[in-house]
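Below: the structure, in structure tokens.
As the structure is a computational prediction, the values presented were derived from the model and not from experiment. Chain letters run A, B, ... following the sequence lines, proteins first, then strands; residues in each count from 1.
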Amino acid sequence: MTDPINQDAAARNAAQRVLALTAELNRHLHAYHVLDNPTIPDAEYDKLFVELQALEAAHPELRTPDSPTLRVGAAPLPQFEQVTHTVPMLSLNNGFSDDDIVHFDRRVREGLGLDGAEVDYAAEVKFDGLAINLRYENGLFIQAATRGDGATGEDVTANIRTISGIPLRLHGDKIPAVLDVRGEVMMFKADFARLNERQREAGQKEFANPRNAAAGSLRQLDSRITAQRKLRFYAYGIGALDGVAMPVSHSALLDWYETLGIPVSKERKVVQGAQGLLAYYADIGARRPVLPYEIDGVVYKVNATEDQQELGFVSRAPRFALAHKFPAEEALTQVLGIDIQVGRTGAMTPVARLAPVSVGGVTVTNATLHNEDEVLRKDVRVGDTVIVRRAGDVIPEVLSVVLEKRPEPAPPPFKMLEACPVCGSHVVREEGEAIARCSGGLFCSAQRKEAFRHFAGRRMMDIEGLGERYIDTLVELEYVHGLADLYSLTLDKLLEMKVRADERDGSTPETVQQGKIPTKWAENLLAGIEASKRPPLERFLFALGIRHVGESTAKTLAEWLGSLAYVRQAPAALLRVLPDIGGTVAESIADFFAEEKNQQALQALLDAGVTPQGEHAPSAKLRTQLEQTTLLAAIGIPKLTEPRSKQLVERGVTLASLAAQGASFHAGLPAAVAEALAQWLADEGNVKLLAQLDALRNELLSQLPEMPAAGGKLDGKTFVLTGTLPNMSRDEAAELIEAAGGKVSGSVSKKTGYVVAGSDAGSKLAKAQELGVAILDEAGLLALLAQD
DNA sequence: AACCCTCGAGTTCT
DNA sequence: CTCGAGGGTT
């Protein structure tokens, strides 16, 4: 029996030793990786490390969350979890020329209302790596996430923990409750070369460039592999911050990071004005080859935090920052041919087939030529030598033809095909459009394939297991015709298809090869199809592949109309009153549903068990849009503009009365207008449309939830929005106002209660001042909304 | 009518 | 990422 008192003492000693070792090892790591100033020999470090590992193995409860032993990697994850960023990770606007920089500087000075004075900019290098968010809570590293689409990324905590330069516990005493550190993960050029050497020796695939190597390492589900790759991290920005005041400038932020032990690039500088920016660019450009990491440009940010806030954002990019990119690497190669690809909408896109050439570390063999006009403008011909680059360092692009190298005799100029290369249908190019299209519709197997691919896509029905190859086979061997056929596939049919596909391709059927039928993939696919039966309404609408209906328009339809039943029967005029839906888009949607075949295909999907989720009553916001005047004007009757439709309505004309009694109300309208109206009404179809619209309007109105009546602080007040607000879009501001019972209108009059003016406000602001209407800025509006 | 911005559609390679 | 087109503003 051991003595309990001695046992206690031993445990206390172990606890102290673990703490001491953790602190010391972390100090050495920081000195080595961040300060570039090693404090002990590697062998000594390893000895301490092994001692800590042993202690932790004996007393697992003593392991602290910042223990360096956590950095060796953990067992593989099944997958990466999604992480929603507290503050979105935005992108930057790009500049390429001196002019772009001067323009940027001017916009900044205008935005800040500075005339003569030079602006202070924080300038830094733009690493060619991957943007990452590190979350620290009370000083401890909690989570790391990739940028993803900016709103949500993937949880790569286990992988990031293996990067030795990243502190698992922040240093110093100014520790925030919450801190999101934004920065770049990358691989140094030398480490990349060593890694590729190892890969080569091991007979493994080499990486094309340091960026891909870093990305590949970060995407490892097994963080023990990541731990063997030498990744680096440098911070350059901030997301959420809680518990400590925001530093007053970007340079102060980075200084603070240094005191916290977070690695920050040494290549940073505060410069003045456009001249300062250009000088920094030239300096870094000259030293680019000797920097240990790859960069694709430099970044400028207005230094003062306060000024940054004043400048605000345009859509997804801040107005206070600019990425000044180096010119993309270019290469010469030959055009072997120009093929035509047929897209989902029938768009016929010429694609240049190129002799393989390495551009920026990636071998390029194809490059889009966009459309007929583009090919002719650049005059690209088969056999030509062309200059290729990767636009934004990603997508290959033919810059121009080297005419001197054109073969003799000159090849003929490019000519768009007159028949679809896939289905033989004739090709049409609409007046005023740049794109030629195959007229075959779903008869064309290329378009059918694309329709399935779109339908199954991640942002649509998200059918797992249904990739390009299976779609092609399903369509080619005619196992599916319409979208709904997916839902009647069975294991037997899929396996039969596989056998036939193998036979057709001349490969030995796996059935023969292995003596039994492998069914895993087919089971997975069927499970994926089954799992897709309950899509959110907006994704289902998007998946249908209606022209001009993308993610955002589908969302508008779902939000405003609430259910598929209304969307599928809405005439164009009704769709036209929804935000961001104009004539073209409204017609496109109405035409889609007017097509009997489409309605049947839709019904077949519903009958197959596809049930859109999240259907609800139409939005209360629809009420104002359903006013007689608005709807009447939206129909698009010739010459019947909004003010005239208003006149008519004031005289008691309604959709119903027009439909019932024809053109007997238009006394007092200008003759030409009355004439056009009478003519329009003479068409029986139009009268029917009116009646249908009226009926649908009444039904929608009866379904609308009551307007949030009580608590309407802004009841009866009319607002006009103008200019750009710093932190919200006009639409968002309008939503806030309407939610509080206020009304938003387009033009300033005596009846206007308030004008909310942002920057670059124009004539509306002037008119408000003239009429003595109260003027608010964004803060003023928020204050008004906040008071009781 | 001339703009600015956003959205949709097409595309490359790993 | 890029282009073109659509929608909205000035």
*Neighbour count above 12 (heavy atom, 6.0 Å) for A:Arg198 CZ*: yes
*Measure centre to centre between the rings of A:Phe96 and A:His324, then say whether the value is under 6.0 Å.*
no
*Just call it for A:Gly216: base, sugar-phosphate, or nothing, with non-hydrogen atoms closer than 4.0 Å on any strand.*
nothing
*Of all the nucleotides listed (C:dG4, B:dG8, C:dT2), which has the minimum atom distance to the side chain of A:Glu397?*
C:dT2
*Would you find more than 12 non-hydrogen atoms of other residues, nucleotides or ligands less than 6.0 Å from A:Lys646 atom NZ?*
no
*Listed partners of A:Arg211 passing salt bridge (Lys or Arg N to Asp or Glu O under 4.0 Å), at least two apart*: A:Asp128
*Separation of atom CZ in A:Arg576 from atom P in C:dG7, rounded to whole Å*: 7 Å
*Quickly work out the A:Glu587 CD to B:dG8 P distance and round it to whole Å.*
18 Å
*Just how far, in rounded Å, is P of C:dG6 from CG of A:Leu578?*
18 Å
*Letter per nucleotide, 5' to 3', of nucleotides 9-14 of chain B [B base touched, S only sugar-phosphate touched, - untouched; heavy atoms, 4.0 Å]*: SSBSS-
*Of the candidate nucleotides B:dC7, B:dC5, C:dG4, which contains the atom at the shortest distance from the side chain of A:Asn371?*
C:dG4
*Using atom CD1 of A:Ile581 as one end and atom P of B:dT6 as the other, report the distance to the nearest whole Å.*
18 Å
*asked:* Just the rounded figure in Å: distance from P of C:dC3 to CG of A:Asn94.
replied: 13 Å
*Which part of the nucleic acid, if any, lies within contact of A:Glu551, taking any heavy atom under 4.0 Å across all strands shown: a base, the sugar-phosphate backbone alone, or nothing?*
sugar-phosphate
*What is the distance, rounded to the nearest whole Å, between atom CE of A:Met348 and atom C1' of C:dC3?*
18 Å
*Does CD in A:Glu595 sit with more than 12 non-hydrogen atoms of other residues, nucleotides or ligands closer than 6.0 Å?*
yes
_Taking the side chain as everything from C-beta on, heavy atoms only, tell me whether A:Ile340 gets closer than 4.5 Å to A:Thr349._
no
